[in-house]
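Down below is the structure, laid out as structure tokens.
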Amino acid sequence: MSHKPRSVMIAETRAKLVGAARHAFGTVGYAEASMDQFTAAAGLTRGALYHHFGDKKGLLEAVIAEIDAEMNVRLSAVSRSAADRWQGFVAECTAYIEMALEPEIQRIVLRDGPSVLGDPSTWPSQSECIRSLSAGLQRLAEDGVIVPVNPEAVARLLNGAMLQAALWIAHAQDPQATSEKAVGAFRALLDGLRAARRAPD
């Protein structure tokens with residue numbers, strides 16, 4: 001009988017714990033989620049949790065990282081399906097804001113995440129978001145689609161606006177109405193970046 005490589009067993013253990021914790025955090029919330037319940041659901045012990053993630057907080061970080069990676073895949077698909085680079089940029093940004101309506105993202109990433117892990121703007125994922133926005137803005141500026149700007153500066157401002165919009169939606173009494181307001185306002189901000197288009201001769 002062949003044994004699985006240790007690396008495979010480690011990956012499987014981590015995946016079981018993250019999956020069980022993600023379900024618990026998404027249904028009852030971080031504060032109410034019991035480590036004993038989701039380690040039992042994964043068929044593992046608290047010792048495995050402590051070994052791989054340190055504590056419950058470390059497990060929340062792993063769950064958020066997994067959700068964030070899935071969000072990035074979805075956002076990339078939104079951008080690629082657009083008619084042109086500008087529309088793709090706008091669609092990707094507004095899709096991120098609209099994801100704040102999804103219960104799992106709303107509860108785990110935008111409510112429990114900040115209360116447990118602190119200011120989301122300091123999370124590692126934000127650095128990658130800013131890098132991606134900067135690259136997109138750089139290409140749009142080079143193509144003459146937007147006015148000449150410092151890509152990093154604008155990326156940081158847009159990232160902050162998107163994050164605050166998502167947090168606003170997640171904590172609003174009427175998330176759907178708030179999302180519509182936020183997306184409308186954000187689109188207006190983006191329109192201000194557009195380069196003046198000359199009328200056809």
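As the structure is a computational prediction, the values presented were derived from the model and not from experiment. Hydrogens, waters and symmetry mates play no part in the numbers below; they use all other heavy atoms, side chains included. All residue numbers in this chain count up from 1 along the given sequence.
- Residue P120 comes nearest to P114 through the heavy atom pair CG-CG, 3.6 Å, listed as atom of the first residue, atom of the second, then distance.
- Side-chain contact check for C93 versus L133: some heavy-atom pair is nearer than 4.5 Å.
- In this structure, CG on N72 lies 8.0 Å from OG on S125, to the nearest 0.5 angstrom.
- Residue pairs meeting the side chain to side chain donor-acceptor pair (under 3.5 Å) criterion with at least one member in residues 152-163, sequence neighbours excluded, are Q126-N159, E152-R156.
- Interatomic distance, NZ of K56 versus CG of L49, reported as 10.0 Å (0.5 Å rounding).
- Pairs passing the side chain to side chain donor-acceptor pair (under 3.5 Å) check and including a residue from residues 35-44, sequence neighbours excluded, read D36-R46.
- For residues 8-18, the salt bridge (Lys or Arg N to Asp or Glu O under 4.0 Å) pairs, not counting sequence neighbours, are K4-E12.
- Residue T178 holds its OG1 atom at 12.5 Å from CG of L167, rounded to the nearest 0.5 Å.
- Considering every non-hydrogen atom in both S81 and V78, the closest pair reads OG-O, 2.9 Å.
- The distance from the CD1 atom of I169 to the CD atom of E98 is 8.0 Å, given to the nearest 0.5 Å.
- No continuous path of ILVMFWY side-chain contacts below 4.5 Å connects W168 to I97, so the two sit in separate hydrophobic clusters.
- Within 6.0 Å of atom NE2 in H52, more than 12 heavy atoms from other residues, nucleotides or ligands are found, so the atom counts as buried in its surroundings.
- The cluster map of Ile, Leu, Val, Met, Phe, Trp and Tyr, joined by side-chain heavy atoms under 4.5 Å apart, puts M71 and I130 in different clusters.
- No donor-acceptor pair under 3.5 Å is formed between the side chain of S132 and the backbone N or O of C129.
- Contact annotation: the side chain of H23 never approaches that of F38 to less than 4.5 Å [non-hydrogen atoms, C-beta and beyond].
- Between the side chain of S179 and the main chain of P175, no donor-acceptor pair closer than 3.5 Å is present.
- Residues L60 and F53 are not in side-chain contact: their nearest non-hydrogen atoms beyond the backbone lie 4.5 Å or more apart.
- Residues F89 and L137 are in side-chain contact: their nearest non-hydrogen atoms beyond the backbone lie under 4.5 Å apart.
- In terms of heavy-atom proximity, A155 sits nearest to S134 at CB-OG, 3.2 Å.
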query: Given the rule in the side chain to side chain contact (heavy atoms under 4.5 Å, CB included) test, do I67 and I105 qualify, once you have shown the distances and angles that lead to the verdict?
result: CA-CA 8 Å; I67 295 172; I105 292 173; 4.0 Å; yes
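- Rounding to the nearest 0.5 angstrom, the gap separating the CH2 atom in W86 from the CG atom in D191 is 6.5 Å.
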field: Evaluation steps, salt bridge (Lys or Arg N to Asp or Glu O under 4.0 Å), between E142 and R139
entry: CA-CA 5 Å; E142 290 171 352; R139 290 191 293 269; over 6 Å; no
message: Go through it in stages, so that I can follow the logic: the residues are I64 and W123, the test is side chain to side chain contact (heavy atoms under 4.5 Å, CB included), and I'd like the CA-CA distance, side-chain angles, deciding distance and then a yes or no.
response: CA-CA 10 Å; I64 289 177; W123 295 356; 4.0 Å; yes
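- The aromatic rings of Y30 and F25 sit tilted relative to each other, their planes meeting at an angle between 30° and 60°.
- One finds the CZ atom of R22 at 14.5 Å from the CG atom of L17 (value rounded to the nearest 0.5 Å).
- The two atoms that bring D55 and G58 nearest to each other are OD1-N, 2.8 Å, heavy atoms only.
- In terms of modelled atom types and a separation under 3.5 Å, the side chain of D143 and the main chain of V145 share no donor-acceptor contact.
- Contact annotation: the side chain of V147 never approaches that of R194 to less than 4.5 Å [non-hydrogen atoms, C-beta and beyond].
- One hydrophobic cluster, built from ILVMFWY side chains closer than 4.5 Å, cannot hold both L189 and L157; they sit in different ones.
- Across all non-hydrogen atoms, the minimal contact from A83 to Q87 is CB-OE1, 3.7 Å.
- Here the closest heavy-atom approach between residue G26 and residue R107 is recorded as O-CD, 3.6 Å.
- The shortest side-chain heavy-atom distance between M99 and L75 falls under the 4.5 Å cut-off.
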